[in-house]
Amino acid sequence: MLVFPSSIDLSTRTLRFLTGQLTARRREIGTRWRRLPAARQALLALAHLRCGGTYAQLAAGFGIGIATVFRYIREAVDILAILAPSLAEAMKSIRAKAFVILDGTLLPIDRIAADTPFYSGKHKRHGMNVQVLTDPFGRLLWASPVLPGSTHDLTAARQHGIIESLAEAGLTCWADKAYQGAGGTVRVPFRGRRLKRWKRRHNTTQAKIRCLGEQAMAALKGWRLLRKLRCSINRITDVVKAVLVVHHHASA
């Protein structure tokens, strides 16, 4: 296999953060020797998350076995996932915002046609539904655990307790038509073709606000691994949490 040098568009600060977490983990379990030092393991995990490199590609690039790559990446993802905030923890900082933007997206997966629960009729493909909260400047605040792609956005938001948490905080939330009927503090566009002028103005203003949420979606999909997930569906929530933690440290 041919090997060539490449780059990752992340700062050394992000690498140092993950290296510190891995070093602490090795000290905790009493690791004496590994094929890669903590810094190289951190680089390996970031290359997988950010660039979507396969285990075979990474094994060749780092000069280790595929099974070792799998174990090292799994360990790094597990460590990062533990650091991800829950919705209750995230709400402590979200309460200080003027408003938030709620949106859902589909993370594509390599499922077959028979896997009906994972097929999204809206996107016409298999995937996992994830709900995202964004601040007024389009910065990613929180991402939910994943649900099968056939789950409606409103159902997912209610199941995660997002609507209830926002209502308890009295925080205004802007969302698209998929959240029609959410109630509480969630504001959605008016539906219909022949709307009164003030309703059309409302929809236009709201669309300008909600478009900021697309920046967070773009930031999330900037992690190429999330563009086509090939791992077990039971691991996807941890992967999303790991990406969220690294993203926050990279953009801080």
Side-chain angles (χ1 to χ4, degrees), residues 8-18 46 49-51 80-81 83-107 128-146 153-154 156-158 160-180 182-190 199-227 237 239-252:
I8 306 175
D9 55 342
L10 294 172
S11 66
T12 54
R13 179 176 178 272
T14 304
L15 179 63
R16 288 195 300 270
F17 161 71
L18 183 51
L46 292 176
L49 294 173
R50 187 65 177 178
C51 304
L80 291 170
L83 301 176
S86 64
L87 178 59
E89 292 170 340
M91 284 301 299
K92 294 179 181 178
S93 60
I94 293 176
R95 290 173 188 269
K97 307 297 181 181
F99 63 86
V100 292
I101 303 167
L102 172 62
D103 200 0
T105 189
L106 187 80
L107 302 180
M128 303 298 285
N129 180 295
V130 61
Q131 300 294 301
V132 171
L133 286 175
T134 310
D135 74 1
F137 301 98
R139 291 181 297 226
L140 181 62
L141 296 174
W142 179 79
S144 73
V146 299
D153 282 338
L154 178 57
R158 284 174 171 164
H160 294 310
I162 300 173
I163 307 299
E164 182 180 353
S165 296
L166 293 173
E168 290 178 356
L171 186 61
T172 300
C173 173
W174 299 96
D176 60 26
K177 294 179 181 179
Y179 299 90
Q180 197 84 31
T185 57
V186 178
R187 303 289 181 264
V188 297
F190 291 105
K199 289 185 176 180
R200 294 199 300 270
R201 287 199 302 266
H202 170 86
N203 286 358
T204 300
T205 301
Q206 199 208 44
K208 292 179 181 179
I209 295 173
R210 286 190 293 105
C211 73
L212 297 173
E214 296 300 324
Q215 298 179 21
M217 291 301 183
L220 194 65
K221 296 296 180 68
W223 297 81
R224 294 184 189 130
L225 181 65
L226 299 182
R227 297 180 188 177
T237 291
V239 170
V240 172
K241 288 181 177 180
V243 166
L244 179 66
V245 171
V246 179
H247 173 76
H248 282 167
H249 280 270
S251 59

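Starting from 1, each residue takes its place in the sequence as its number.
Leu83 contributes atom CG, which lies 9.5 Å from atom CG of Leu18 (distance to the nearest 0.5 angstrom). Asp176 CG to Leu154 CG: the interatomic distance, rounded to the nearest 0.5 Å, is 10.5 Å. The distance from the CZ atom of Phe17 to the CG atom of Leu46 is 10.0 Å, given to the nearest 0.5 Å. Here the CE-CG distance, from Met91 to Leu141, works out to 10.0 Å after rounding to the nearest 0.5 Å. Taking CG from Asp135 and CG from Leu140, the interatomic distance works out to 9.0 Å, rounded to the nearest 0.5 Å. Atom OG of Ser11 sits about 11.0 Å away from atom NE2 of His249, to the nearest 0.5 Å.
Side chain of Ser144 to backbone of Gln131: a donor-acceptor contact under 3.5 angstrom is found. At least one donor-acceptor pair under 3.5 Å links the side chain of Ser93 to the backbone N or O of Ala90. A donor-acceptor contact shorter than 3.5 Å is absent between the side chain of Glu164 and the backbone of Gly161. Counting only distance, with no hydrogens or angles, the side chain of Asn203 and the backbone of Phe190 share a donor-acceptor pair below 3.5 Å.
Contacts of Thr185 classified as side-chain contact (heavy atoms from CB on, under 4.5 Å), with partners at least two apart in sequence or in another chain: Leu166. With sequence neighbours left out, Lys221 forms a side chain to side chain donor-acceptor pair (under 3.5 Å) with Thr105. Considering only residues two or more places apart in sequence or on other chains, Arg50 meets the salt bridge (charged side-chain N to carboxylate O under 4.0 Å, His left out) condition with Asp9. Partners of Arg224 according to the salt bridge (charged side-chain N to carboxylate O under 4.0 Å, His left out) rule, which considers only residues two or more places apart in sequence or in another chain, do not exist here. Among residues two or more places apart in sequence or in another chain, the salt bridge (charged side-chain N to carboxylate O under 4.0 Å, His left out) test is passed with Asp153 by none.
Between Trp142 and His160, the ring planes lie perpendicular to each other; the angle is over 60°, past the 30° to 60° tilted range.
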Identify all side-chain donor-acceptor contacts of residues 210-218 below 3.5 Å with residues at least two apart in sequence or on another chain.
{"unit_1": "Arg210", "atom_1": "NE", "unit_2": "Gln206", "atom_2": "OE1", "d": "3.1"}

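Here the shortest heavy-atom pairing between Lys241 and Ala84 reads CB-CB, 3.6 Å. When all heavy atoms of Ala143 and Val130 are compared, the closest pair comes out as CB-CG2, 4.3 Å.
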